[in-house]
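Heads up: the structure comes next, in structure tokens.
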Amino acid sequence: MSSPQRPIQLLFRSKEGVELYTLADTSSSAAPSSKKPSQGGQILYAGKTTFHLLSPNGSAAFIHDASVGLIKCDLSSPTTTSATSTTTSPFLQNSKAIQLAKCSPRGSYLLTWERPSKLDDNNNNNGNLKVWSAANGALLQSFSCKKATLETVQWTHDEQCVFHCVTNEIHIYAAHDWKRVGKVRSQGVASFSLPTNKGVDPNAPTKSGEETTKKYLLTTFVPGIKGKPARVDMLRYPDRMGRDSSTVGSDKTVNIPSGQGLTSKSLFNAEEVNVKWSPRADAALLLTQTAVDNTGQSYYGSTHLFLLLEKDVKNPTVGSAMVVPLPKEATKDGSGTVPIVSADWIPNPSITGVVPFGVISGRMPALASLHHGITGEPTFLFGRAHRNTMDVSPHGRFIVCGGYGNLAGGMDFWDRNKGKMIPRRIMLKEEEGKAEEEDTKYVTIKEAADLSITSSSPVVGHQWSPDSRTYLVSTTSPRMNVDNGVQIHRYDGSVVEESALPWDNAKYRPDKLLSAEYVPAPFPSEEEEKKEFHYYPDRPQSPPPRRFTELKGDAAVAALNKLRGAQAAQAKGGAKTAVASAYVPPAARKAGGGGGGAYVPPGARRGAGGAGAGRGGGSTLAERMRQEREGSAATVAAVKVTKRNGPVGAASVMGPVGASAADDGGKSKSALRREKQRLAKEKAEKEAAEEEKRKQEEEAARVSANKADPEKRAKKIRKVLKQIDDIKSKAASGTELNDDQKKKLTTEEELRKELASLNL
């Protein structure tokens, strides 16, 4: 890019105001820089605020103060000063009563909702759902809407058309002049959804002479009434909107009838529908939910997942709808109703092949999986764990499976391209008295059970950065009124030290932080968008630093034990134990658990005194409860996940998250392989010895029988010899002999010698 890239920025809204922070490049897990960033950011607005809104390209922030109105702050060229904004005039006139607001997909328009006001002298309330220009704040259009929602007005991805849902119809307007260009007729329609993405498959070659008419997909939802099931229709403007729908012709006077919709799906258990659009805007996931589960298996109601396609695989002229097949491992017995916890697409449309989507299903511990974007078949299993959220980085490379809300805040960081959890490096600090050149060592954690981490505070907000290199978790009010703050994780799960952050979390404690989020990346230019969909480049995992040396084997175990001991000493002094202290290498998992008071995973304690030996190791009640909870989770995670044959391009199914060599005595993979080879050799030798002993016993028994009754033995031998003669005659006639017959022929000479020795 010709101009320098915009740095990664975060917007904090607290009870005292709104601040903008610039995050330094902390995506690498190399040794932290000795240069401490300046504390404090740019104060965009000082005072009490009710909500804020960021434009889709990160160029502006809209902040609402109930005593002033909606204020606009320019972020396109932020300064490094910390001067307080002195803006007192609102960007939107008469905007004090606004309660909800959102931006159009490209950020050109603002949509706001406020409570309906009283009628004026002309019996008109001038509308409470208003459309504004995001450039100059001019009021463009207004509607009446009693329900507190912004979903009744939606723009297409390019902001060329606006769809407005009214009773039994959806009106379509041209965005630039608000003239009606069509309508969708659907009896009882309650909601609709439009994709906000461009919807072009970058992997498909462009054909010359291809139709250039812009078409937009949408879905409509009609709730079930009077015994009729609910229904979701996939439509396409302007040619496939339903037989009762129409568009305005070029002469602006004739209504042109539209064709039949692409596809429809009847829903017998659906009170609410959440639509998730594919990044290529050619498919949609339907997550349906009911308030009451008729089977009585769930207090939270029942959920179902469906997949709608614009083009059917066998007949591209029509769409298709199907139930998403869930992995049989989602339930303990492989059958029964499976609740859907979460479902969403990989957000990058530029990836090669079909865009997959992720699903978390089943009761806790739930199963996370990836599914094929066309067939819906599961292609990859992340394993079962206490997780309810799947966050995918903007480039679709890294995935976080997290357990937030009422769960403990566990997180697993995956590389989707490699199908593995991301290894994490722990840099070893320089010891006193050693030269700086000697501080070149690090240890790599690769065991799945040790890569799972738990947030030190309850997680309320969570988000990937626009460059896919860092991951934000926040604890905010009013959801949590204690320990407010923001923690940054690198893409491998390692925590960015608070000394490297430009803000001080102590400033927001205990309950001052209201929200925290990354500022969106700018839109790429048209030329840049042809090369890459995102503003920031897609970067793989960073290689190890060249100037560092990785410790392995006993040296790594000793270094980590020393680090854990130092952290335990700090914990006794009142400091919190770092997350890295939870790591126990496989070779160190012996009796006693070690660790000097640091947390040791339950699987690491099984070598000493069973499950009960690990309990009571924590110094606080919360730590002991977490140990016991994660111990039960590790037991469940040990369920074996079988390998399946998925569709083309499917990855092999991985083992469950948290499953480790807990029952292998703490041995490494190489040691386990050698142990397996040794046991196999010993087993083969034992079987050979037993076979030889059996033959000797049979020979001794035969000799003894011959001595006891030679006539009986001779009679038996003659019978076998007769059978051998019959086999010979069959072989002479061309009959193919089986293995038993061939084996019997080899005993003829021995039997004749034995018969001769009997002297009968």
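Just so it is clear, the model here is predicted, and its values are computed rather than measured.
- Note that CG of Leu23 and CD of Gln9 are 10.0 Å apart. Values are rounded to the nearest 0.5 Å.
- Inter-residue side-chain proximity for Tyr536 and Ser468 is flagged as unmet; no heavy-atom pair is nearer than 4.5 Å.
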Quick one, Leu367 with Ile360, criterion side-chain contact (heavy atoms from CB on, under 4.5 Å). Give me CA distance, side-chain angles, the key distance, then yes/no.
CA-CA 6 Å; Leu367 176 67; Ile360 299 181; over 6 Å; no
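- Using a 4.5 Å heavy-atom cutoff, the side chains of Thr303 and Val338 are not in contact.
- In this structure the side chain of Ser542 reaches within 4.5 angstrom of the side chain of Tyr491, judged on heavy atoms.
- Pro56 pairs by the side chain to side chain contact (heavy atoms under 4.5 Å, CB included) definition with Cys103, Phe523, not counting sequence neighbours.
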Stepwise, does the side-chain contact (heavy atoms from CB on, under 4.5 Å) test hold for Met421 with Asp412?
CA-CA 7 Å; Met421 293 186 71; Asp412 305 315; 3.8 Å; yes
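- For the atom pair CD1 (Ile346) and CD1 (Ile351), the distance works out to 6.5 Å, reported to the nearest 0.5 Å.
- Ring geometry for Phe413 versus Tyr471: interplanar angle over 60°, hence perpendicular rather than tilted (30 to 60°).
- No side-chain donor-acceptor contact under 3.5 Å links Ser342 and Arg387.
- Aromatic ring pairs are classed by plane angle as parallel below 30°, tilted from 30° to 60° and perpendicular above 60°; the pair His371 and Phe357 is parallel.
- Enclosure of atom CZ in Arg509 by more than 12 non-hydrogen atoms of other residues, nucleotides or ligands within 6.0 angstrom is indicated.
- Salt bridge present: Glu497 and Arg490 bring a charged side-chain N and a carboxylate O closer than 4.0 Å.
- Looking at residues two or more places apart in sequence or on another chain, you find a ring-ring contact (aromatic ring centres under 6.0 Å, His included) between Tyr508 and Phe12.
- Put simply, the side chain of Arg6 reaches to within 4.5 Å of the side chain of Pro522, judged on heavy atoms.
- Judged by distance alone, with hydrogens and angles left aside, the side-chain atoms of Asp415 form no donor-acceptor pair with the main-chain N or O of Lys420 at under 3.5 Å.
- Met364 CE to His386 NE2: the interatomic distance, rounded to the nearest 0.5 Å, is 7.0 Å.
- Panel note: side chain Arg469, backbone Arg539; a donor-acceptor pair is recorded below 3.5 Å.
- Rounding to the nearest 0.5 Å gives a distance of 6.5 Å between CG of Asp492 and CZ of Arg424.
- Inter-residue side-chain proximity for Thr475 and Val459 is flagged as unmet; no heavy-atom pair is nearer than 4.5 Å.
- Using modelled atom types, one side-chain atom of Ser465 and one backbone atom of Thr470 make a donor-acceptor pair closer than 3.5 Å.
- Applying the salt bridge (charged side-chain N to carboxylate O under 4.0 Å, His left out) test to every pair with at least one member in residues 394-411, sequence neighbours left out, gives these pairs: Arg397-Asp538.
- Side-chain contact between Arg425 and Ser494 is absent, with no heavy-atom pair separated by less than 4.5 Å.
- Residue Thr375 comes nearest to Pro325 through the heavy atom pair O-CD, 4.3 Å, listed as atom of the first residue, atom of the second, then distance.
- Taking CZ from Arg280 and OG from Ser350, the interatomic distance works out to 8.0 Å, rounded to the nearest 0.5 Å.
- Partners of His304 by ring-ring contact (aromatic ring centres under 6.0 Å, His included), not counting sequence neighbours: none found.
- In this structure Tyr518 satisfies the ring-ring contact (aromatic ring centres under 6.0 Å, His included) test with no other residue, sequence neighbours excluded.
- Taking 4.5 Å as the limit, some side-chain heavy atom of Ile340 sits within range of a side-chain heavy atom of Leu326.
- Note: Ile422 CD1 to Ile399 CD1 = 9.5 Å, rounded to the nearest 0.5 Å.
- Closest approach of Ser369 to Leu381, counting heavy atoms only: CB-CD2, 3.5 Å.
- Heavy-atom minimum distance, Pro520 versus Leu54: CD-CD1, 3.9 Å.
- Leu451 and Pro423 make their closest contact through CD2-CA, 4.2 Å (heavy atoms, listed as atom of the first residue, atom of the second, distance).
- A donor-acceptor pair is defined here as one N or O able to donate and one able to accept, closer than 3.5 Å; no such pair exists between the side chain of Thr476 and the backbone of Ser515.
- Arg416 contributes a side-chain N or O that, together with a main-chain N or O of Gly396, makes up a donor-acceptor pair within less than 3.5 Å.
- The shortest non-hydrogen separation linking Ala283 to Leu307 is CB-CD1, 4.4 Å.
- Tyr404 approaches His462 most closely through the heavy-atom pair CD1-CD2, 3.3 Å.
- Trp464 contributes no side-chain N or O that, together with a main-chain N or O of Pro394, makes up a donor-acceptor pair within less than 3.5 Å.
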Walk me through whether Val392 and Asp344 qualify under side-chain contact (heavy atoms from CB on, under 4.5 Å).
CA-CA 9 Å; Val392 187; Asp344 208 346; over 6 Å; no
side-chain contact (heavy atoms from CB on, under 4.5 Å) between Phe382 and Met390: does it pass, once the steps are laid out?
CA-CA 11 Å; Phe382 295 95; Met390 182 181 294; 4.0 Å; yes
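- Side-chain contact between Asp282 and Leu309 is absent, with no heavy atoms from C-beta onward closer than 4.5 Å.
- Considering only residues two or more places apart in sequence or on other chains, Trp277 meets the ring-ring contact (aromatic ring centres under 6.0 Å, His included) condition with none of them.
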